[in-house]
2 protein chains.
Amino acid sequence: MTTETVPLDRRHRRRLETIEEVLDHAVAIMTTDGVAGLSLGEIARRMGIRTPSLYVYFPSKHALYDALFARGAREIGQVVSDESAKLLADLDKRPQRSIEEVLLDAAAVFVRWAVEHPAYTQLLYWRPVPGFQPSAESFAPAIAMVEASKQRFEELQRRGLIRAGASIEEVQRDWVVLMTGVVTRQLANEPQAGFDKGRFTSALSALIDMFAHHYGAQPSTRTRGSRHARQR
Amino acid sequence: MTTETVPLDRRHRRRLETIEEVLDHAVAIMTTDGVAGLSLGEIARRMGIRTPSLYVYFPSKHALYDALFARGAREIGQVVSDESAKLLADLDKRPQRSIEEVLLDAAAVFVRWAVEHPAYTQLLYWRPVPGFQPSAESFAPAIAMVEASKQRFEELQRRGLIRAGASIEEVQRDWVVLMTGVVTRQLANEPQAGFDKGRFTSALSALIDMFAHHYGAQPSTRTRGSRHARQR
DNA sequence: GTCTATATGACGATAGAC
DNA sequence: GTCTATCGTCATATAGAC
């Protein structure tokens with residue numbers, strides 16, 4: 001009995017490790033060849049096994065995509081959640097921070113992760129795989145992230161940084177359009193540029209100013225368009 | 001001699017017609033199955049020919065994607081160009097129009113076409129096909145469209161609707177992020193909703209207000225956030 | 001010139017031996 | 001749990017019928 005449970009646990013752990021290894025190779029392939037460029041044969045080749053052996057761990061290629069979707073949603077959710085906690089804690093210590101500063105920090109964390117993890121980003125925010133729809137379980141962390149984001153905006157509204165009359169639903173919707181818009185254009189037009197040098201990631205500051213002006217509570221201390229005025 | 005040129009012309013015309021037919025079927029398939037779901041076998045099946053026969057007209061699947069990219073870029077370019085001409089002519093007749101109204105018209109034309117032609121939109125604004133890069137010739141109309149858009153913003157700036165100090169390069173960049181951001185979210189999250197009922201296409205008005213407030217010349221006549229205030 | 005017949009190699013997927 | 005063998009489909013290439 002005792003001799004049975006131990007190897008079972010070990011086998012189980014080993015199985016989970018193998019699954020993680022499959023996912024790691026899949027991400028590496030998708031990063032270079034795009035989400036649609038993933039092939040089970042290439043994963044197996046890199047692991048030194050035959051393609052059919054992968055079916056022990058995943059019943060289909062779509063199931064593999066589903067696991068990758070879940071993994072990506074969990075990871076970006078964690079990154080954003082950590083930043084969000086820091087943001088609110090920091091706001092307690094330095095309440096004089098402008099809404100522009102606060103939102104730019106939050107935006108940069110999301111956009112940086114997205115452009116630096118193009119495989120997950122394509123899977124989460126485009127529709128690159130014909131017929132693939134994430135399962136409810138895999139989609140759950142993505143929903144949780146949106147809910148957390150809305151709660152963060154509500155908190156900012158309570159603290160007087162977001163205009164009192166603003167609909168949080170609309171704030172969240174427009175925020176998502178801006179953030180994923182920047183990420184999509186950067187990855188599709190300049191995939192090699194990276195966060196710091198990208199033409200579209202560099203637009204974040206101007207877009208956040210725009211957003212803050214519209215949904216922020218107090219008029220910005222910065223003159224509208226001061227960034228451009230400098231260039232004249 | 002005379003008897004030779006006539007059938008050559010006819011044959012040439014017939015060839016072009018066949019090419020158009022191939023492209024039409026390709027668009028239909030991509031519309032239902034996504035860009036990556038296109039298969040030459042399915043095109044041939046629908047045309048009642050064998051797959052290798054397609055290679056008479058296109059040397060490879062990538063060449064077919066290239067022709068589709070060019071077609072899509074020309075079509076949306078034409079749609080936007082027509083609207084742009086109408087917009088400026090209308091502005092001569094009714095110079096009292098606000099920048100919000102003018103831009104919302106322009107935005108609606110682009111976004112409506114994009115969500116109603118998801119096959120072209122995916123090809124033009126995402127990266128759904130591993131290894132596919134449009135040729136310089138196919139890309140040309142897309143560049144022309146961006147140039148025309150910049151010239152339109154310059155004209156609006158000359159007419160005093162866009163703030164004098166604004167960099168047209170930045171105006172165009174942020175405009176593209178907003179428009180393709182809305183389109184991408186609508187097509188990826190709610191592909192079946194259509195322009196009029198979509199959750200993200202419905203955000204256009206608010207996003208244009210935001211944009212106009214930032215880059216427009218005179219303060220808006222509408223109270224900031226009046227749309228939301230109404231909902232209270 | 002246009003299309004078919006045929007073949008190649010890669011793919012996702014399944015069945016069954018060990 | 002991994003293998004081999006196999007299936008059907010895919011994009012692609014070539015040779016040849018008409």
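All values reported here derive from a predicted model rather than from experimental measurement. Lettering of chains follows the sequences in order, A, B, ..., and the numbering in each one begins at 1.
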Indicate yes or no: at least one non-hydrogen side-chain atom of [X] is less than 4.5 angstrom from one of [Y].
X	Y	answer
A/W113	A/F195	no
B/Y125	B/V183	no
A/M210	B/D174	yes

From C-beta outward on [X], which listed nucleotide comes closest to its side chain: [options]?
X	options	answer
A/R50	C/dA13, D/dT12, D/dT4	D/dT4
B/R45	D/dT12, C/dT2, D/dC10	D/dC10
A/S60	C/dT2, C/dA13, D/dT12	C/dA13
A/P52	C/dT14, D/dA11, D/dT2	C/dT14
A/Y55	C/dG12, D/dT2, D/dA11	C/dG12
A/I49	D/dC3, D/dT12, D/dG1	D/dC3

In whole angstrom, what separates [X]'s [atom1] from [N]'s [atom2]?
X	N	atom1	atom2	result
B/I43	D/dT12	CD1	P	11 Å
A/L40	D/dC10	CG	P	17 Å
B/E42	D/dG8	CD	P	19 Å
B/I29	D/dC10	CD1	P	10 Å
A/L54	D/dC3	CG	C1'	13 Å
A/F132	C/dG12	CZ	P	15 Å
B/D33	D/dT9	CG	C1'	15 Å
B/M47	C/dC3	CE	C1'	12 Å

Look at [X] and [N] and indicate whether a side-chain polar atom (N or O) is within less than 4.0 Å of OP1 or OP2.
X	N	answer
A/S53	D/dG1	no
A/Y65	C/dG12	no
B/R15	C/dT2	yes

_Parallel, tilted or perpendicular, judged at 30° and 60°: which one describes the rings of A/F132 and A/Y65?_
tilted

Within the structure shown, what part of the strands sits under 4.0 Å from [X] by heavy-atom distance: base, sugar-phosphate, or nothing?
X	answer
A/Y57	sugar-phosphate
B/R14	nothing
A/T51	nothing
A/L38	sugar-phosphate
A/S39	sugar-phosphate

*Got a sec: does the CZ of B/R15 have more than 12 other heavy atoms crowding it under 6.0 Å?*
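Correct, the count exceeds 12.
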
*Taking the six-membered ring for Trp, are A/W175 and A/Y215 ring centroids under 6.0 Å apart?*
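Between A/Y215 and A/W175, which both carry aromatic rings, the centre distance is not below 6.0 Å.
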
